[in-house]
Amino acid sequence: MAEEKLPTRNENFSEWYNQLVLRAEMADYAPVRGCMVVRPYGWTLWENMQGELDRRLKETGHVNAAFPILIPLSFFEKEKEHVEGFAPELAVVTHGGGVKLEEPLAVRPTSETIIGFMYAKWIKSWRDLPVLINVWGSVLRWELRTKLFLRTAEFYWQEGHTAHATKDDALEEMYRILDIYADFAINEAAIPVIKGRKSETERFAGAQITTSIEGMMQDKRALQSATSHYFGQNFAKAFNIQYLDKNNTLQFCETTSWGLSTRMIGAIIMVHGDDQGLILPPRIAPIQAVIVPIYKNDAEKTKVMEIADRLFKELKLANIRVKMDDREEVTPGFKYNDWELRGVPLRIEIGPKDLEKGSVALARRDIPGREGKSFVPQTALASHITRLLTEIQSSMLARATTFRDANIHEPGNYDELKQIVQDGWAFAWWCESKDCEAKVKEDTKATIRNIPLDQPGGSGKCIVCGERADKKVYFAKAY
RNA sequence: CGGGGCGUGGCGCAGUCCGGCUAGCGCGCUUGCAUGGGGUGCAAGAGGUCGGAGGUUCAAAUCCUCUCGCCCCGACCA
């Protein structure tokens with residue numbers, strides 16, 4: 001029954017990641033090129049993430065709705081940059097009901113166009129604004145190269161689309177959402193992300209401003225984990241989203257859109273996992289604690305299971321997502337490895353020795369080996385575990401933050417920058433010229449991840465050309 | 001689309017260069033007994049027209065031609 005060992009992170013990060021996803025049964029490859037099957041374990045994680053993000057969105061006045069998956073191809077022509085950006089990635093339906101369609105239909109790669117079309121019908125007056133709609137669904141982009149969760153042809157996400165009366169309102173919305181995403185990433189996924197604005201080169205097709213949260217994976221590459229865009233009146237003009245203001249004057253709306261996808265699952269795996277498998281943040285883990293009962297014979301089994309069942313019920317009552325692993329056909333040792341691979345934050349072992357002492361053995365997933373083990377009394381177990389889960393959550397965030405900060409460096413000159421981005425992030429002054437940005441990309445393959453909102457202030461010299469620079473930015477290789 | 005690699009029981013592979021008899025191995029699966037606090041042990045068993053088509057040959061997983069599919073690296077990207 002000896003499962004083959006996982007490849008280690010250092011050996012081959014990419015292979016390590018793939019094996020983790022497949023072996024932990026998060027996802028699998030679909031028969032269609034570049035598509036992914038999200039398996040129940042992975043989907044439960046996503047549902048938990050959805051719950052936490054959806055709550056935040058609803059608390060800030062957003063409502064959910066659904067829009068069609070098929071969009072008339074002509075809709076994409078209406079916004080010049082948008083069509084240029086997405087044309088190469090569109091999948092197009094040409095036939096329906098056995099006959100050739102008069103107008104081909106695009107499978108949505110994102111829904112700005114069809115939502116813009118609908119908003120134009122719905123919005124008439126300043127009283128209708130703002131419109132704050134969110135959509136949970138999936139989209140399809142014909143990616144040339146795919147990787148489970150990080151970039152698949154079809155992926156699951158939420159996309160929010162809002163319309164506002166003024167520029168200030170729309171910008172405020174864009175930043176509000178960025179804050180929600182960052183809060184979600186930090187406090188639910190335990191990923192310390194950096195909020196910032198994208199450079200002109202990197203921004204979304206059709207957007208005037210694109211903001212993102214960027215996280216550092218354990219191979220030190222950056223992952224854009226969510227984006228929030230401000231469109232100005234671009235889409236409003238393309239789709240005639242207009243309203244009459246208080247002075248009875250016709251005005252174009254200001255719109256935004258923003259999205260967070262199952263890519264975040266990939267981020268969680270790449271930020272927290274170790275050579276034993278996944279490590280999932282307790283707040284969103286499908287299973288927060290697993291009970292492994294241990295016994296040698298039926299007499300012991302009866303006694304052990306009695307206690308195990310009682311504790312299981314207690315934990316359930318305390319709203320802990322607990323799982324009883326009462327499989328007969330595998331040994332405890334196998335179960336330990338199995339749940340470690342799946343990233344369950346806490347393991348509870350109950351055996352004959354514990355019966356005598358009235359204790360259980362706990363093992364923290366985030367601290368492998370003896371260090372993470374403790375023996376605690378069965379009494380008040382639920383409250384102890386609740387506390388421990390909170391502690392695991394915060395120590396995961398702390399560890400990821402320490403790792404990130406240890407791998408961000410400030411280059412003193414261009415040569416140093418080239419060195420740094422080979423194995424880390426560089427935080428440096430940039431003059432905001434496209435040429436300097438392009439030069440770095442050409443020389444190193446690193447790009448400007450974002451221009452952080454949190455700026456040191458003052459000014460410096462562009463790390464590339466030496467001219468005056470007002471912004472400091474992160475350069476890194478990205479997924 | 002360019003470069004590289006691979007298709008052999010459910011999964012992972014060996015065998016291919018140099019053709020040869022009933023195509024092997026590990027894992028998993030089935031059954032039984034033992035075992036059980038860190039990936040259990042032993043025994044027995046089921047399971048494959050070697051990606052597809054054509055050709056060469058007494059004989060093809062192996063050689064030749066064509067074809068289909070997948071993976072990795074690059075260009076594109078949440």
Side-chain angles (χ1 to χ4, degrees), chain A residues 1-6 12 14-15 18-19 22-23 28-34 84-90 109-110 138-159 181 198 201-205 207 210-215 222-229 257-267 276-277 292-298 300-301 304 325-341 347-357 359-363 368-370 372-373 375 441 445 447 478-479:
Chain A
M1 186 156 290
E3 273 278 331
E4 263 180 66
K5 283 258 158 108
L6 285 164
N12 186 339
S14 180
E15 188 56 28
N18 282 336
Q19 288 298 317
L22 295 171
R23 306 240 302 247
D28 203 353
Y29 292 102
V32 177
R33 185 202 140 282
E84 282 172 7
F86 280 103
E89 298 184 68
L90 288 184
T110 177
S138 73
V139 291
L140 190 77
R141 298 178 188 178
W142 213 257
E143 299 292 348
L144 294 173
R145 229 170 120 205
T146 60
K147 195 172 181 67
L148 291 170
F149 288 120
L150 297 191
R151 176 164 297 106
T152 47
E154 183 183 18
F155 61 89
Y156 300 86
W157 72 347
Q158 57 67 220
E159 49 176 321
Y181 284 159
K198 285 289 192 182
T201 328
E202 297 274 325
R203 77 184 174 205
F204 182 79
T210 286
T211 58
S212 73
I213 52 171
E214 304 279 334
L223 184 74
Q224 178 173 308
S225 308
T227 48
S228 180
H229 316 286
S257 86
W258 24 276
L260 183 147
S261 74
T262 42
R263 171 179 262 199
M264 187 63 93
I265 295 176
Q276 301 304 312
V292 179
I294 295 152
Y295 44 80
K296 291 196 194 49
N297 50 51
D298 280 351
E300 276 182 4
K301 179 183 171 184
V304 166
D325 188 355
D326 53 6
R327 285 179 291 178
E328 296 279 2
E329 68 277 12
V330 290
T331 60
F334 181 90
K335 292 177 183 178
Y336 299 166
N337 285 285
D338 202 31
W339 294 112
E340 277 166 12
L341 173 64
R347 182 178 71 239
I348 306 164
E349 304 167 18
I350 306 170
K353 292 178 201 166
D354 297 300
L355 295 186
E356 296 162 24
K357 291 184 281 187
S359 64
V360 299
L362 297 182
R370 199 164 296 173
K373 272 221 166 190
F375 297 88
K441 186 170 184 183
K445 291 192 174 174
T447 50
Y479 275 99

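Sequence lines set the chain letters: A, B, ... in the order given, protein chains first and strands last, and positions in each chain run from 1.
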I need the [atom1]-[atom2] distance between [X] and [N], as an integer number of Å.
X	N	atom1	atom2	result
A:Asn337	B:rG38	CG	C1'	6 Å
A:Glu15	B:rC71	CD	P	13 Å
A:Leu144	B:rG74	CG	P	13 Å
A:Phe204	B:rA78	CZ	P	8 Å
A:Leu150	B:rA78	CG	P	13 Å
A:Leu223	B:rA78	CG	P	11 Å
A:Met264	B:rA78	CE	C1'	11 Å
A:Glu356	B:rG37	CD	C1'	13 Å

Checklist entry - If you check every side-chain atom of A:Phe334, which of B:rA78, B:rU40, B:rG38 has the closest atom? => result B:rU40

Checklist entry - Among B:rG38, B:rG36, B:rC72, which nucleotide sits nearest the side chain of A:Lys296? => result B:rG36

Side chain of [X], base of [N]: donor and acceptor closer than 3.5 Å?
X	N	value
A:Glu340	B:rG38	yes
A:Arg347	B:rG38	yes
A:Asp338	B:rG39	no

Taking atom [atom1] in both [N] and [M], what distance in whole Å separates the two?
N	M	atom1	result
B:rC11	B:rG48	P	13 Å
B:rU22	B:rA60	P	11 Å
B:rG51	B:rU40	C1'	38 Å
B:rG20	B:rU62	P	10 Å
B:rG7	B:rC50	C1'	10 Å
B:rU65	B:rC18	P	14 Å
B:rC58	B:rC17	C1'	24 Å
B:rC63	B:rG15	C1'	16 Å

Item to check | Gap separating the CG atom of A:Leu148 from the CD1 atom of A:Ile265, nearest 0.5 angstrom | outcome: 11.0 Å

Next on the checklist: Using 0.5 Å steps for rounding, measure from the NE2 atom of A:His229 to the CD atom of A:Glu159.
Outcome noted: 10.0 Å

Looking for any heavy atom pair under 4.0 Å, which part of the strands does [X] touch: base, sugar-phosphate only, or nothing?
X	result
A:Glu349	base
A:Asn297	nothing
A:Glu328	base
A:Thr152	base
A:Ser261	base
A:Lys353	base
A:Tyr479	nothing
A:Pro332	sugar-phosphate
A:Gly259	nothing
A:Ala361	base

Item to check | A:Trp339: ring-ring contact (aromatic ring centres under 6.0 Å, His included) partners, not counting sequence neighbours | outcome: none

Item to check | Salt-bridge present (A:Glu349, A:Lys373; N to O < 4.0 Å) | outcome: yes

Checklist outcome for this item: Assert: residue with more 5' nearest nucleotide on RNA chain B, out of A:Glu89 and A:Gly351, is A:Gly351

Next on the checklist: If you assign A:Phe149 and A:Gly369 each to the RNA chain B nucleotide with the nearest heavy atom, which residue ends up on the more 5' nucleotide?
Outcome noted: A:Gly369

Any side-chain heavy-atom pair of [X] and [Y] under 4.5 Å:
X	Y	value
A:Trp258	A:Gln158	yes
A:Glu340	A:Arg347	yes
A:Glu143	A:Thr152	no

Next on the checklist: If a pair means Watson-Crick or G-U wobble with both distances below 3.5 Å, what does RNA chain B look like in dot-bracket form, with | marking bases paired to a different strand?
Outcome noted: ((((((((.[[[[.)....(...]]]].((((((.....)))))).....[[[[[..)....]]]]])))))))....

Next on the checklist: Can you see whether A:Phe155 has A:Arg263 sitting over its ring - NZ or CZ less than 6.0 Å from the centre and within 45° of the normal?
Outcome noted: no

Item to check | Main-chain N/O of A:Ser228 paired to A:Thr211 side chain as donor or acceptor, under 3.5 Å | outcome: yes

Next on the checklist: Just N and O in the side chain of A:Thr331: are any of them under 4.0 Å from OP1 or OP2 of B:rU40?
Outcome noted: yes

Next on the checklist: Looking at A:Asp298, I want to see if its CG is surrounded by more than 12 non-hydrogen atoms of other residues, nucleotides or ligands under 6.0 Å.
Outcome noted: no

